[in-house]
Amino acid sequence: LEKTKIEKDKIVEQKGYVDILRTILNDKGAKAQIIKKYLPIMNTLINQYLQSMDFFISFHLDEEFNETVKSRHRDTFNYNSFSEGEKLRIDLAILFTWRTIAKMKNSVNTNLLILDEIFDSSLDQQGTDDFFKIVNKLKNENIFIISHKGDILFDKFTNILKFEKYQNFTRLQNT
């Protein structure tokens, strides 16, 4: 009986900690405070990245991460109203924003960015050029872009690694 009481006391103590964490992390706790603090910065950065990709819309997230998108003429849209290429520009702006926020507020930051098949989907030539405007500003970054359209983009990269299939295995191609 004494053993069971000790175990029960440990469980009650753990539950107390969980309850405190639940209160802190609920939608009205610390999470809400963090979102309130960073949301204006995020919205500003997203719009700066969109403008640097020559996509002149006003994109804003609310505290529940619902978007409001307005055009130059102040027409209201949602994310799904845009073409796949325009959606990709928005996605890239959000990606670069998260990286910037993480660098601003973390004591440890990464200089690694891996983008898989970013050019193989719906980004047109202008979108590709606008994307490289941002990438070229990222100094001291290790950026790896995986693409099946390498021949078209060779002039955009300083280093290229080519891989090939050989007997059902992928290997670095001799160049």
Side-chain angles (χ1 to χ4, degrees), residues 18 21 25 30-31 34-35 37-69 71 77-175:
V18 169
L21 286 172
L25 296 176
K31 182 174 85 173
I34 292 168
I35 289 171
K37 181 177 179 180
Y38 288 106
L39 206 52
I41 298 167
M42 290 174 58
N43 284 326
T44 299
L45 287 169
I46 289 169
N47 284 293
Q48 286 174 356
Y49 283 118
L50 286 170
Q51 287 177 10
S52 69
M53 290 187 284
D54 291 332
F55 193 29
F56 298 100
I57 59 171
S58 174
F59 186 95
H60 290 279
L61 294 171
D62 66 16
E63 291 177 8
E64 294 177 7
F65 289 97
N66 298 312
E67 83 274 356
T68 302
V69 185
S71 70
F77 297 93
N78 69 24
Y79 178 82
N80 292 322
S81 303
F82 293 102
S83 71
E84 293 304 311
E86 291 168 329
K87 287 179 189 175
L88 186 54
R89 288 177 189 221
I90 293 169
D91 294 345
L92 289 169
I94 292 170
L95 172 122
F96 287 124
T97 295
W98 280 116
R99 289 189 86 236
T100 303
I101 295 287
K103 282 185 177 188
M104 287 170 43
K105 298 303 170 189
N106 287 333
S107 59
V108 178
N109 84 55
T110 180
N111 66 347
L112 177 65
L113 177 61
I114 300 173
L115 298 166
D116 189 11
E117 298 185 7
I118 195 83
F119 303 116
D120 301 350
S121 60
S122 51
L123 205 58
D124 62 10
Q125 184 60 45
Q126 183 62 46
T128 300
D129 292 342
D130 294 336
F131 168 77
F132 274 108
K133 287 179 194 173
I134 295 171
V135 168
N136 290 332
K137 291 178 185 175
L138 300 175
K139 304 290 184 208
N140 301 319
E141 301 280 334
N142 296 303
I143 302 171
F144 293 88
I145 299 175
I146 301 162
S147 178
H148 297 284
K149 294 184 179 182
D151 298 339
I152 301 169
L153 302 168
F154 274 164
D155 62 324
K156 304 279 188 194
F157 299 101
T158 55
N159 297 305
I160 297 171
L161 300 173
K162 288 183 88 174
F163 292 87
E164 65 182 351
K165 285 280 190 184
Y166 179 76
Q167 297 179 350
N168 287 336
F169 290 96
T170 302
R171 71 176 186 184
L172 186 59
Q173 186 177 13
N174 293 328
T175 55

Test item: L45 and N47 side chains (from C-beta on) under 4.5 Å apart, heavy atoms: no
Sequence-distant partners of S81, side chain to side chain donor-acceptor pair (under 3.5 Å), two or more places apart: N78
CZ (F56) with more than 12 external heavy atoms under 6.0 Å: yes
Contacts of type side chain to side chain contact (heavy atoms under 4.5 Å, CB included), residue L161, not counting sequence neighbours: F163, L172
Ring pair (Phe, Tyr, Trp, His ring centres under 6.0 Å) against Y49, all qualifying residues, sequence neighbours excluded: F96
Ring pair (Phe, Tyr, Trp, His ring centres under 6.0 Å) against F82, all qualifying residues, sequence neighbours excluded: F55, F77
Note, F144 side chain near L113 side chain (heavy atom, < 4.5 Å): no
Listed partners of N168 passing side chain to side chain contact (heavy atoms under 4.5 Å, CB included), at least two apart: none
4.5 Å side-chain heavy-atom contact, W98 and M42: yes
Any pair counted as salt bridge (Lys or Arg N to Asp or Glu O under 4.0 Å), so long as it reaches residues 164-174, sequence neighbours left out: E164-R171
Pairs satisfying ring-ring contact (aromatic ring centres under 6.0 Å, His included), at least one member in residues 121-142, at least two apart: F119-F131, F119-F132, F132-F157
Qualifying residues under side chain to side chain donor-acceptor pair (under 3.5 Å), relative to E141, sequence neighbours excluded: R99, K103
Salt bridge (Lys or Arg N to Asp or Glu O under 4.0 Å) contacts in which one or both residues fall within residues 38-62, not counting sequence neighbours: D54-K133
I41 and I101: CA distance, side-chain angles, deciding distance, side-chain contact (heavy atoms from CB on, under 4.5 Å) verdict: CA-CA 8 Å; I41 298 167; I101 295 287; 3.5 Å; yes
Test side chain to side chain donor-acceptor pair (under 3.5 Å) applied to N136 - qualifying residues, sequence neighbours left out: none
Residues which pass side chain to side chain contact (heavy atoms under 4.5 Å, CB included) with L21, listed by chain and number, not counting sequence neighbours: none
Exercise: identify the closest heavy-atom pair between H60 and N43: CA-OD1, 3.3 Å
Distance-only donor-acceptor hits, side chain of residues 85-92, under 3.5 Å, sequence neighbours excluded:
{"residue": "E86", "atom": "OE1", "partner": "S83", "partner atom": "N", "Å": "2.9"}
{"residue": "E86", "atom": "OE1", "partner": "S83", "partner atom": "OG", "Å": "3.3"}
{"residue": "K87", "atom": "NZ", "partner": "E84", "partner atom": "OE2", "Å": "3.2"}
{"residue": "R89", "atom": "NH1", "partner": "M53", "partner atom": "O", "Å": "2.6"}
{"residue": "R89", "atom": "NH1", "partner": "D130", "partner atom": "OD2", "Å": "3.3"}
{"residue": "R89", "atom": "NH2", "partner": "D124", "partner atom": "OD1", "Å": "3.4"}
{"residue": "D91", "atom": "OD1", "partner": "Y79", "partner atom": "OH", "Å": "2.7"}
{"residue": "D91", "atom": "OD2", "partner": "Y79", "partner atom": "OH", "Å": "2.9"}

Exceeds 12 heavy-atom contacts within 6.0 angstrom, atom CZ of F65: yes
